[in-house]
J.: 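One structure coming up, written as structure tokens, with questions to follow.
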Number of protein chains: 4
Amino acid sequence: MRPPTPGKRTGRPRSTDADRAILDAARAALVELGWSGLSMGDVAARAGVAKTTVYRRWANKSDLVVDAVTALLDDQLELPDLGSLRADIEGVVQHFAALLGHPEAKTGLMAIIAEATRDDALRSRIRHAIVDRQKRLVIEGRTRAQHRGELPPDNGAHPGPQVDLIFDTIAGAVVHRTLVSGEPIDAAWAHRFTELLLDGLLAFPGTAGPGMPSPPSVRGADPSSNAGRA
Amino acid sequence: MRPPTPGKRTGRPRSTDADRAILDAARAALVELGWSGLSMGDVAARAGVAKTTVYRRWANKSDLVVDAVTALLDDQLELPDLGSLRADIEGVVQHFAALLGHPEAKTGLMAIIAEATRDDALRSRIRHAIVDRQKRLVIEGRTRAQHRGELPPDNGAHPGPQVDLIFDTIAGAVVHRTLVSGEPIDAAWAHRFTELLLDGLLAFPGTAGPGMPSPPSVRGADPSSNAGRA
Amino acid sequence: MRPPTPGKRTGRPRSTDADRAILDAARAALVELGWSGLSMGDVAARAGVAKTTVYRRWANKSDLVVDAVTALLDDQLELPDLGSLRADIEGVVQHFAALLGHPEAKTGLMAIIAEATRDDALRSRIRHAIVDRQKRLVIEGRTRAQHRGELPPDNGAHPGPQVDLIFDTIAGAVVHRTLVSGEPIDAAWAHRFTELLLDGLLAFPGTAGPGMPSPPSVRGADPSSNAGRA
Amino acid sequence: MRPPTPGKRTGRPRSTDADRAILDAARAALVELGWSGLSMGDVAARAGVAKTTVYRRWANKSDLVVDAVTALLDDQLELPDLGSLRADIEGVVQHFAALLGHPEAKTGLMAIIAEATRDDALRSRIRHAIVDRQKRLVIEGRTRAQHRGELPPDNGAHPGPQVDLIFDTIAGAVVHRTLVSGEPIDAAWAHRFTELLLDGLLAFPGTAGPGMPSPPSVRGADPSSNAGRA
DNA sequence: ATCTAATCGAGACGGTACGTCCTGTCTTGCA
DNA sequence: TGCAAGACAGGACGTACCGTCTCGATTAGAT
């Protein structure tokens, strides 16, 4: 939705009904047909709008779909305080997983990410519209944990890289399991993943079966797992 | 490459030269033009082959690109023994990151994954051709670490879920950072990620800035992995 | 040129330049390449027009060629008064023969007629666009001859069958000699044919060799038609 | 059916069953699909034969169809003596019309004639295989009429042009009425056409209605129709 | 009784055109 | 000026045939 552009104010104003109808139509088409099956003409027809009206707002497929998808995600960005870092992470994992369970989010996200691998402008748009936005969840959770005393306060170093690392790890795992491995994410998986993230691999060497969580280790103080190490 | 399979023995056999030429051409076209720019006619022309000859083997773009990309990954599956679990993980992370640095792998992988979000057959094809194959790396590294005594032996529980979790975590983080966040993976990131994975977030207070490695972590006293560091 | 017809008035109107360019290109292509060599894509290219633009107007090759050929014939429909029935017939025979001498008319006509042998819609289209139109020549010549007193006036019977018979005989002989027998039509043939048609076989003892005109037939004492002969 | 060619006698002989099956299949396909719809592969499939087997006998579609059609006509060439020139002509007209009533003859003939308008080799093949063969009918009828005294004997001049003219007139009228005008040929039309051909237009100026034949005029001795002439 | 060479079926091959679909731009007339 | 409608140039799609080619398996006649 770019070129309604600058100061000008004359002529017939754009229909906001059309805006909504087009985004809704795009979302619906994306679910049914996928990125490559989605056509601008079809979106216009679904929205009951002329093709011109679509192109007047979005210059091409990418732009339209990015807006359609991000609008979808914007409604979902919340991180309720569940009382502990561990619970917060489990919560966000399940929340994100639930979001990716919706076919429109799933298809749309992957489609624009794929397209972005060869389109720098699209990539940076995704970065700003999606990644940076979601990163606030990590920052917020981190700050909250620091206030609770679960994590030490910032020691003066820039926390960005740390935040990025954790964001990529959490989001990556969820996305990969859902979209690449193609397995669903349930409470048990969320629990085990949180355990791994907080305590580390060396702290729970495969003793956990599915749905059979290991006892919460505090800072991984499990002597047996340290046995073979210097 | 499906329909030649039925046991028939009659007629002129398919040219294996054509097989190779087409896959090579598809790979090259993928790098230059990306998924959406790749056209079957162009691939045929590059391969010096008629369009018919391509369609006789692969029914559509997805099928062709999946085969082209998996063949690409098959050449890359190695996990040299670097002497410790920590080093092995850092190694595989960097190895996988390097692979995703190649535009052909990057574009091709994401494209077929995106396409797979709405194509069950393609999804299971990806699972078998790529995911399951790569999972062996995790299993191999795990077994090696158990022999070294870094990890306890299997305690009778089925190790699958554990392997899956670790695989999704490693592959997911690498893929997400590379393709979604759009940041490169260097030695420092690989090191910090490995530290997080092995020791856990609670043991890892995020004091490291970029290019400014964290102090040797309390428990990661592995000489080989510290070799290049202060 | 069918589907624009419904009374609609909206949208961008079709380019009449394109109409003309396409028909001209089709005519030219027909001459150079013949029916089977003519391709829609090539016609579009010659007309400097997209293939879509051709298909929007004509659904297939037959339709396009029919229109191209009939437009060609429409320019040619004249029957100058040569002073006598005999001269008028000789004139129209030579005129029609000259028309069939043009490769575009020759190829186009036969092609659509052949196609029409298995396409009822096309057949009736040809009937209306070509046959009925040309029949007026016979009617006009007949009326003229009646005014001159060469033929008796209509005796109350419907003249249709008579007109049809004469039309099929004249047109059939010209077409057959030109396209089936593959021999050219010159002044001598036109003269002998007219003699046969007017006087009948029994009055016409076949003494004429080629270029060796028969002696003035007993009953065909028409000065104008004998002008160029011994 | 050309290249079984010269002296050689060794190897497996060609199957005559295949010859017949192919021609029959070609005939059937021609009726159903027309020239342009007929494909060599389809003919082979209908004949239960490999494409190679067809191409080994006929180099292309034209050759095959010409042979298929001429074989069809060869069975039909007879001119029974009906006792008078008039009856013989009426007989051959109706006979030829009946032949063109068969869709396979109709479609096949027109198709190859149309193709011949731009293929000299095909044209001369048609001339020899069809036209020249049928011309014998005219020659035979003429000779017979001369023996009966209905026509004068040859006066030394070469009779070819006369034969050609009559052949083109008869065949042309029948073909044109059937295929171009698209009207059927019944006994009444055959009678009226014969009358025109034998007596001439000036002898029966439209006094005949359909199915209401004029009395047989002998040498067109109708004074009233000659009124306006010198 | 073998040898041998042309036949047969099957179907892959390089090409060419097909007719459809979509893209992004443009040209109308109405509001 | 916005908008619905739809024409426009361009280009890829996946299909269908063409006429050629390579296979392995017959099949007769010549040896």
Side-chain angles (χ1 to χ4, degrees), chain A residues 4 8-15 18 36-45 48-61, chain B residues 3-4 8-15 17-18 36-45 47-57 59-61, chain C residues 3-4 8-15 17-18 36-42 44-45 47-57 59-61, chain D residues 4 8-15 17-18 36-45 48-61:
Chain A
K8 296 230 170 194
R9 279 281 125 211
T10 176
R12 173 173 171 178
R14 291 202 184 151
S15 157
S36 65
L38 180 150
S39 84
M40 299 296 266
D42 182 53
V43 168
V49 137
K51 261 200 308 174
T52 331
T53 304
V54 177
Y55 278 107
R56 203 172 285 119
R57 291 162 165 76
W58 293 276
N60 49 51
K61 210 154 111 169
Chain B
K8 298 238 176 191
R9 282 273 116 226
T10 166
R12 175 173 171 177
R14 293 206 181 147
S15 158
D17 287 2
S36 66
L38 180 152
S39 85
M40 299 295 266
D42 182 53
V43 168
V49 138
K51 250 199 317 174
T52 331
T53 301
V54 177
Y55 279 107
R56 200 172 287 120
R57 292 162 165 75
N60 49 54
K61 218 153 104 165
Chain C
K8 299 238 174 189
R9 279 275 116 225
T10 168
R12 174 174 172 177
R14 295 209 180 144
S15 158
D17 288 2
S36 66
L38 180 151
S39 86
M40 298 296 266
D42 181 53
V49 137
K51 250 199 317 174
T52 333
T53 301
V54 178
Y55 279 107
R56 201 173 287 119
R57 291 163 165 75
N60 48 53
K61 219 153 104 166
Chain D
K8 297 228 170 196
R9 278 281 124 212
T10 175
R12 176 173 171 176
R14 292 204 183 145
S15 158
D17 288 0
S36 65
L38 180 151
S39 84
M40 298 296 266
D42 182 52
V43 167
V49 138
K51 260 202 308 175
T52 330
T53 304
V54 177
Y55 277 107
R56 202 172 285 120
R57 292 162 164 76
W58 292 276
N60 50 52
K61 211 154 112 166

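We name chains A, B, ... by the order of the sequence lines, and we start the count at 1 in each one. On a predicted model such as this, the values are computed, not experimentally measured, just so you know.
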J.: Taking only nitrogen or oxygen atoms into account, show me every contact under 3.5 Å that the protein makes with nucleotides 9-16 of chain F, one pair per line with its distance.
T.:
residue	atom	partner	partner atom	Å
F:dA9	OP2	C:Ala50	N	3.1
F:dA9	OP2	C:Thr53	OG1	2.5
F:dG10	O6	C:Thr52	OG1	3.0
F:dC13	OP1	B:Met40	N	3.0
F:dC13	OP2	B:Met40	N	3.0
F:dC13	OP2	B:Gly41	N	3.3
F:dG14	OP2	B:Tyr55	OH	2.6
F:dG14	N7	B:Lys51	NZ	3.0
F:dG14	O6	B:Lys51	NZ	2.8

J.: Compare every heavy atom of B:Ser15 with every heavy atom of B:Ala18, then report the nearest pair and how far apart it is.
T.: N-OG, 3.0 Å

J.: Nearest 0.5 angstrom please: D:Asn60 CG to D:Tyr55 OH, how far?
T.: 8.0 Å

J.: Taking for each residue the nucleotide of DNA chain F bearing the nearest heavy atom, is the 5' side occupied by C:Ser15 or by B:Gly11?
T.: C:Ser15

J.: Is there a side-chain contact between D:Arg14 and the phosphate of F:dT26, meaning an N or O under 4.0 Å from OP1 or OP2?
T.: no

J.: When you measure only distances, ignoring hydrogens and angles, does the side chain of D:Arg12 come within 3.5 Å of the base of F:dT26 through a donor and an acceptor?
T.: yes

J.: When rounded to the nearest 0.5 angstrom, what is the spacing between NZ in D:Lys51 and OG in D:Ser39?
T.: 8.5 Å

J.: Please find the pair of heavy atoms, one from D:Trp58 and one from D:Met40, that lie closest to each other, and give the distance.
T.: O-CE, 4.3 Å

